Each structure stands twice: as C-alpha cells, then as structure tokens.
S.K.: 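Sending over a structure as structure tokens; questions will come in a sec.
Predicted, not measured: the structure shown is a model, and the values here were computed from it.
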Amino acid sequence: MQSRKPLVAPLTVDTKVRLKSKYDMPILGFGVYQTPMAIAEQVTDHAIKSGYRHVDSAVAYKNEEPTAKGMLKSGIPREQLFFTSKVAPGRGYDDAKKGIDETLRKTGLDYIDLYLLHAPYGGRETRIGGWRALVEAVNEGKVRSIGVSNYGVHHLEELERWQKEQPADQAGILSVNQIELHPWLARPDIVSWCRQRDIVLEAYSPLIRATRMEEEVLIKLAGKHGKTPGQILLRWGIQQGFVILPKSVTLSRIEENAAIFDFELDEQDLEVLETGQYKPCTWDPTIEPLEA
C-alpha cells in the first residue's frame with residue numbers, strides 16, 4: 001500500500017501548499033493543454049470565476065497569452081493568482097532563457113509564479129542547461145519558483161547530484177515535479193523520492209482523459225458519495241497530497257471539477273483505488289534514458 005502524505009483538513013478550494021521556495025501554490029489548478037487560443041481566454045476567465053486561482057500553461061501549448069489574459073480578466077488581485085509555464089521539451093540553456101523572456105512578454109506579467117522544464121529530453125547537457133536558465137530567472141526576479149515535469153527518479157537524481165556540486169545561489173531550489181498521476185498510474189517510486197525531499201507533486205491528466213469513467217470502482221464510489229466518477233478521481237488526487245490540474249473547455253465541467261471539497265474518501269475508498277497498475281494515458285517521458 002502506498003503511504004499517503006497527510007493533509008490538514010478540511011480542504012477547501014482556497015487550500016494552498018507551501019513550496020520549498022517559500023511561496024504558496026493552490027492545490028486546485030486549471031490545465032489548458034490543447035485548449036485552442038480562440039477560447040483559452042474565455043474558459044480561463046470562467047475557471048477563475050468558479051474559484052480556481054491557479055492556471056497551468058506552457059510554451060508548447062501556444063496559449064500563454066490568452067490564458068494569462070483570461071486569468072486576469074476577473075480583476076482578482078495578481079498576488080492571489082498563480083501562473084505556471086514550461087520550457088519547451090528538449091530545449092537547453094539559450095532557448096530556455098529566450099522562452100522565459102517570451103512568456104513574460106506575451107503574458108504581460110511582471111513575474112511567473114512557477115516555471116518548469118517540460119520534459120527530460122535532449123540529454124544531460126540540455127537538461128542541466130535548461131535548469132541553469134531557470135535558476136538565473138529566479139535570481140533575476142523573473143520567476144518565483146522552479147521545477148520539472150515528467151522527470152523519473154533517474155532524472156531527478158541526476159539533477160540532485162549536479163545541484164550538490166554548485167554554490168547555493170546557483171544550484172536552485174527544486175520545488176515541483178509535475179507528472180501524470182491517477183489511480184491507474186500512482187508512480188510510488190517517483191512519489192516516494194519527491195516526498196522524502198519535500199518536493200510537491202503536481203498531477204496532470206488526473207481525469208485520465210475520461211478513459212476510465214465507466215470503471216466499476218469509480219461508478220460505485222460515485223454512487224456512494226453522490227458525486228461523478230471524475231470528482232472521485234480528483235478527490236483521490238488531493239487526498240494523496242497532490243496538486244491537481246484538471247482540464248476542460250466545457251463551462252459546466254469546469255465548475256464540476258472544482259466541486260470536490262464537500263466530501264471525503266474514507267480509508268476503504270482509498271484502498272479500493274489502489275490498482276497497482278502502470279497505465280499512462282498520455283506520453284511517458286519519465287522512462288526516457290539519461291542519454292538517448
């Protein structure tokens with residue numbers, strides 16, 4: 001059985017987790033992967049009006065500008081909002097530096113709350129180069145917190161070894177690892193490694209791209225709690241201690257995905273959701289070898 005990191009109850013839509021960088025991140029985020037530019041502003045604005053305060057974009061999504069505009073549209077003070085972007089996969093130092101500046105230009109934001117390396121592609125020089133660019137962005141006040149995405153234990157250990165060889169102001173603080181996480185991909189090895197170092201885990205595709213909604217276990221739990229299978233999946237994620245990033249372009253579903261703070265899965269519920277399976281529903285860069 002995978003040990004769970006306890007969270008202080010009760011959890012609410014306003015609950016935040018403290019990062020190693022000393023900044024706070026809302027545990028509910030709004031994902032905009034594959035959200036078309038034409039509607040990104042509208043759906044992000046609706047998410048903010050529905051209680052979300054955390055938006056997760058990326059250079060590769062090509063929607064940073066309308067997403068940030070939608071995030072700011074409601075007039076919520078900037079300091080209450082949290083915006084994430086990511087260096088495009090396989091990009092090293094120079095491209096990462098340019099990408100960060102381009103994100104600031106496109107979004108019009110004075111700083112980015114969290115910037116991640118999107119994937120561990122490109123070999124050690126590319127990974128470390130990208131990380132160096134993130135560290136410099138923090139030191140320059142452009143970015144508050146930094147982390148990685150899709151990193152397996154071997155990638156994390158490579159970065160940790162490098163950090164230990166650097167002066168403190170050049171090593172950077174690894175605050176987040178964003179990976180696909182759900183009951184059919186619980187990744188106990190990566191989760192354990194990160195928890196031992198107080199690195200926050202962000203769960204993307206927490207709804208498994210709607211490919212498991214007919215699973216008997218989810219239907220039974222949905223009936224038990226008067227919720228939808230999707231809400232069961234999202235509640236599982238936050239009770240594991242993960243920051244969750246549900247994505248939708250349907251306004252009613254955006255609201256539904258935020259309505260997960262009025263019930264709780266009990267220990268028996270959590271046990272039946274421990275499938276022990278390794279079934280990614282998307283790409284899986286965590287298995288990328290250190291040298292391709």
Side-chain angles (χ1 to χ4, degrees), residues 7 10-19 23-59 61-86 103-104 106-116 144-145 176 178 200 202-207 209-210 213 222 225-239 242-264:
L7 290 175
L11 301 175
T12 75
V13 72
D14 298 316
T15 298
K16 298 178 177 65
V17 62
R18 175 59 57 94
L19 302 177
Y23 289 99
D24 293 331
M25 177 167 62
I27 64 170
L28 174 65
F30 181 62
V32 295
Y33 172 64
Q34 290 188 335
T35 299
M37 286 188 65
I39 62 170
E41 179 181 339
Q42 176 197 4
V43 297
T44 305
D45 175 46
H46 189 78
I48 299 300
K49 290 175 179 174
S50 300
Y52 298 73
R53 295 292 181 268
H54 171 185
V55 179
D56 182 82
S57 187
V59 171
Y61 299 171
K62 302 186 185 302
N63 59 17
E64 292 171 297
E65 182 174 357
T67 296
K69 188 175 181 180
M71 182 183 75
L72 298 170
K73 195 171 184 179
S74 67
I76 300 294
R78 171 68 180 96
E79 61 271 18
Q80 296 178 24
L81 301 169
F82 194 98
F83 188 83
T84 298
S85 194
K86 311 176 190 74
T103 295
L104 289 166
K106 286 182 176 179
T107 62
L109 300 174
D110 293 330
Y111 63 88
I112 305 301
D113 295 276
L114 176 66
Y115 222 106
L116 308 176
R144 287 188 166 181
S145 305
V176 169
Q178 183 184 124
V200 169
E202 283 191 292
Y204 74 73
S205 294
L207 294 168
R209 293 191 170 184
M213 297 307 179
H225 293 283
K227 290 292 181 177
T228 66
Q231 289 170 320
I232 298 298
L233 286 170
L234 296 178
R235 185 71 199 188
W236 176 89
I238 61 170
Q239 287 189 219
F242 304 149
V243 172
I244 57 171
L245 304 171
K247 176 252 177 170
S248 180
V249 296
T250 304
L251 302 188
S252 61
R253 190 64 53 78
I254 291 170
E255 297 169 16
E256 177 185 304
N257 291 342
I260 57 172
F261 297 98
D262 57 354
F263 78 106
E264 184 174 349

S.K.: In terms of ring plane angle, is the pair His225 and Phe263 parallel, tilted or perpendicular, where the classes change at 30° and 60°?
M.R.: tilted

S.K.: Quick check: do Lys69 and Thr44 have side-chain heavy atoms less than 4.5 Å from each other?
M.R.: no

S.K.: I need the minimum non-hydrogen distance between Pro26 and Phe82, along with the two atoms involved.
M.R.: CD-CB, 3.8 Å

S.K.: From the options Ile232, Leu11, Thr228, Ile244, select the one residue that forms a side-chain contact (heavy atoms from CB on, under 4.5 Å) with Ile260.
M.R.: Ile244

S.K.: Set out, in order, the CA-CA distance, both residues' side-chain angles and the distance that settles side-chain contact (heavy atoms from CB on, under 4.5 Å) for Leu72 and Leu109, then state yes or no.
M.R.: CA-CA 10 Å; Leu72 298 170; Leu109 300 174; 3.9 Å; yes

S.K.: So do the side chains of Ile238 and Phe261 get within less than 4.5 Å of each other, counting heavy atoms only?
M.R.: yes

S.K.: Keeping the roles fixed (side chain from Glu256, backbone from Gln231), state whether a donor-acceptor pair exists under 3.5 Å.
M.R.: no

S.K.: About how many Å separate CD of Gln178 and CD of Glu202, when rounded to the nearest 0.5 Å?
M.R.: 4.5 Å

S.K.: Examine the side chains of Ser57 and Glu64 and answer whether a donor and an acceptor come within less than 3.5 Å of each other.
M.R.: no

S.K.: Hey, does Val176 have a side-chain heavy atom less than 4.5 Å from the side chain of Val243?
M.R.: no

S.K.: Using modelled atom types only, decide if a donor and an acceptor are shared between the side chain of Lys16 and the backbone of Asp24 within a distance under 3.5 Å.
M.R.: no

S.K.: Tell me, please, whether Tyr111 has Arg78 positioned over its six-membered ring: NZ or CZ under 6.0 Å from the ring centre and within 45 degrees of its axis?
M.R.: yes

S.K.: Salt bridge or not between Asp262 and Arg235? Use side-chain N to carboxylate O under 4.0 Å.
M.R.: no

S.K.: State, with a plain yes or no, whether a side-chain heavy atom of Phe30 is found less than 4.5 Å away from one of Ile48.
M.R.: no

S.K.: Working to the nearest 0.5 angstrom, can you tell me the gap between His46 NE2 and Ser252 OG?
M.R.: 8.0 Å

S.K.: Measure the shortest side-chain to side-chain distance between Pro246 and Leu28 over non-hydrogen atoms and say whether it is less than 4.5 angstrom.
M.R.: yes

S.K.: Can you list the steps and then say if Asp56 with Tyr204 is a side-chain contact (heavy atoms from CB on, under 4.5 Å)?
M.R.: CA-CA 10 Å; Asp56 182 82; Tyr204 74 73; over 6 Å; no

S.K.: Would you say the side-chain atoms of Asn63 pair up with the backbone N or O of Val32, donor to acceptor, closer than 3.5 Å?
M.R.: yes

S.K.: Strictly distance-based, threshold 3.5 Å: is any side-chain N or O of Tyr23 a donor or acceptor partner for the main-chain N or O of Leu114?
M.R.: no

S.K.: Provide the closest heavy-atom pair for Ser50 versus Glu255 in the form atom of the first, atom of the second, distance.
M.R.: OG-CG, 3.5 Å

S.K.: State, with a plain yes or no, whether a side-chain heavy atom of Leu245 is found less than 4.5 Å away from one of His54.
M.R.: yes

S.K.: So do the side chains of Thr107 and Met71 get within less than 4.5 Å of each other, counting heavy atoms only?
M.R.: no

S.K.: With the side chain counted from C-beta on, respond yes when Leu233 and Pro206 share a heavy-atom pair under 4.5 Å apart, and no when they do not.
M.R.: no

S.K.: Just how far is it from atom CZ of Arg209 to atom OH of Tyr33, taken to the nearest 0.5 Å?
M.R.: 4.5 Å

S.K.: Under the criterion side-chain contact (heavy atoms from CB on, under 4.5 Å), I'd like the reasoning laid out for Gln34 against Lys247: C-alpha separation, chi angles, the key distance, then a yes or no.
M.R.: CA-CA 9 Å; Gln34 290 188 335; Lys247 176 252 177 170; 4.2 Å; yes

S.K.: Do Asp113 side-chain atoms and Phe83 backbone N/O form a donor-acceptor pair below 3.5 Å?
M.R.: yes

S.K.: Under a 4.0 Å threshold between the charged nitrogen and the carboxylate oxygen, would Asp14 count as salt-bridged to Arg53?
M.R.: no

S.K.: With a 3.5 Å cut-off and no angle check, do the side chains of Tyr61 and Thr67 form a donor-acceptor pair?
M.R.: no

S.K.: Step by step, work out the side-chain contact (heavy atoms from CB on, under 4.5 Å) result for Gln42 and Leu251.
M.R.: CA-CA 9 Å; Gln42 176 197 4; Leu251 302 188; 4.1 Å; yes

S.K.: What closest approach, in Å, do Pro10 and Thr15 show between heavy atoms, and which atom pair accounts for it?
M.R.: O-OG1, 4.3 Å

